[in-house]
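The structure under discussion appears below in the form of structure tokens.
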Protein chains: 2
Amino acid sequence: MADKQRRKPGETREKLMSAALALVGKGRHFASLGIREVTRQAGVVPTSFYRHFRSMDDLGLQLVDELGLVLRRMMREARANVLQADKLIEESVGIFVAHAQANRSFFLFMAQGLAGESRAVQEGIRSEMRFFASELANDLRRLRLMEHLSDADLDVTCDLVVRTVAFSLTDLLSISEDDDYQIGQVRKRTTRFLQMVFVGAANWNSDSA
Amino acid sequence: MADKQRRKPGETREKLMSAALALVGKGRHFASLGIREVTRQAGVVPTSFYRHFRSMDDLGLQLVDELGLVLRRMMREARANVLQADKLIEESVGIFVAHAQANRSFFLFMAQGLAGESRAVQEGIRSEMRFFASELANDLRRLRLMEHLSDADLDVTCDLVVRTVAFSLTDLLSISEDDDYQIGQVRKRTTRFLQMVFVGAANWNSDSA
DNA sequence: ACTGCATGTGTACAAGTGTTCACTAATGTG
DNA sequence: CACATTAGTGAACACTTGTACACATGCAGT
């Protein structure tokens, strides 16, 4: 034989995950993907699937883990580039939009998974969002922002921010990848949402709750 | 034969739509449903499907229309019961939660459709949400609330409110139908989200935008 | 009363599905 | 080097799937 099976271990595994993502990127819903379909897209024989995943749900779970990495990269970049609190919101939204465009399929998968059919995937994505929110809370504390808020209220605020951004994700993903005008609109609107939330947080009275 | 085909016209159609909803309610994702599966659940022969729908996407679209009716009912009830602006948010959230519980499958379908694979269904749901937001804006104007906001800013506010509520929907649907404690938690948290948004709107300066 | 038309049924078929099994090449550890 | 393990292959299975066709029935309008 030529060179079909001279591959590093784990390569097929990645090919399968990428294949699933690619199909999602092409507009398919993850829940409707089949094992054969994914292996076909990956250029691999159906049986190979079972060497790496127990089922489609299993593959989904492992995708969630990788999604976590993507999110962490995004956070790191945001922390590095947003130095002064001045244009904090605008810049963060910009970074978010850029990452969403660069990893379209990943975020598509995330948006689908939130209401998907695997409870485990759902919970995984939710958990990533919680982590994201708690990191955001840390950052705000570190930047000495919103110091008048109780921990609980800061938590609510960050949760609301993350949800708002996540929802904007679905806006972003439902428009064409290179419709710059519409992308700009989403960015602008999301920024306004967040500004309004932060005005709310700034004028919030944690004591009188 | 006995009485199998002595049905009023359109009855099978409804049976098929209910069947699809029922499957969604059982945890399945709409995108993964097949024609045969739905007809089986409806107790109808597969070929009957084509008498009423061209495809699954078509059925989805018609479900979106019905979803619109459900939302309108909910709005009507909210308008009837929320008389004074005092407990406005709390009561509205309560009504929303009650409706979401009463029409679980419908709202499940809505949550799924937002990131679903049919572009048409997606757009339909989005359009329902826009309508809902614009009605909310009307109501706020009528109640002489948020009068300092420009039309554009009021629009942003209402959009944000609707998104927040819609996201809470996914929280609500991911917990058990009769876990009253958790349902209460979601209700409380959603109320806080909305309060924070409204504090933001109240302190928003439309001129300095 | 006759005739279309909408609605429903049963059969049929080719294609696609998940999964099992037995087999082979490559890899890393003693 | 020998050998167990891992990652890959292809053929086969029992089903399920979407869709087409021909046929039966009830109802509406003439």
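Heavy atoms only: backbone and side chains are in, while hydrogens, waters and symmetry mates are out.
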*Those residues of residues 30-38 of chain A lying under 4.0 Å from DNA chain C by at least one heavy atom*: A:Gly34, A:Ile35, A:Arg36
_Nucleotide D:dG18, atom P - distance to CG of B:Leu59 in whole Å_ = 12 Å
_What is the distance, to the nearest angstrom, from the CZ atom on A:Arg40 to the P atom on C:dG16?_
7 Å
_Sequence neighbours excluded - side chain to side chain donor-acceptor pair (under 3.5 Å) pairs with any residue from residues 54-65 of chain A_ = A:Arg13-A:Gln62
*Tell me which nucleotide among C:dT7, C:dT20, D:dG18 gets nearest to the side chain of B:Tyr50.*
D:dG18
*Verify the contact: side-chain N or O of A:Ser48 to OP1 or OP2 of D:dT9, cut-off strictly under 4.0 Å; return yes or no.*
yes
*Got a sec, which residues hit side chain to side chain donor-acceptor pair (under 3.5 Å) with B:Arg141, two or more places apart in sequence or on another chain?*
B:Asp151
*asked:* If we count only N and O atoms by modelled type, under 3.5 Å, do the side chains of B:Asp178 and B:Ser176 hold a donor and an acceptor together?
replied: yes
_For atom CE of B:Met56 and atom P of D:dG18, their distance in whole Å_ = 7 Å
*asked:* Tell me every residue that passes side chain to side chain contact (heavy atoms under 4.5 Å, CB included) with A:Ala19, counting only those two or more places apart in sequence or in another chain.
replied: A:Val38, A:Gln41, A:Ala42
*For A:Phe49 and C:dT19, give me the distance from atom CZ to atom P, rounded to whole Å.*
9 Å
*Enumerate the residue pairs fulfilling side chain to side chain donor-acceptor pair (under 3.5 Å) with a member in residues 19-28 of chain A, sequence neighbours excluded, ordered by first and then second residue.*
A:Arg28-A:Ser32, A:Arg28-A:Glu37, A:Arg28-B:Glu117
*Side-chain donor/acceptor of A:Ser127 to backbone N/O of A:Glu123, under 3.5 Å*: no
*Which residue pairs pass the ring pair (Phe, Tyr, Trp, His ring centres under 6.0 Å) test with at least one member in residues 92-125 of chain A, sequence neighbours excluded?*
A:Phe30-A:Phe109
*Starting from P on C:dG18, measure out to CG on A:Asp58 and report it in whole angstrom.*
15 Å
*Could you tell me the separation between the CG atom of A:Leu16 and the C1' atom of D:dA7, rounded to a whole number of Å?*
12 Å
*To the nearest angstrom, how far is B:Glu11 atom CD from D:dG26 atom C1'?*
14 Å
*Between C:dC21, D:dA20, C:dT19, which one does the side chain of A:Pro46 approach most closely?*
C:dT19
*Round to a whole Å and report the spacing from CZ of A:Arg13 to C1' of D:dA7.*
14 Å
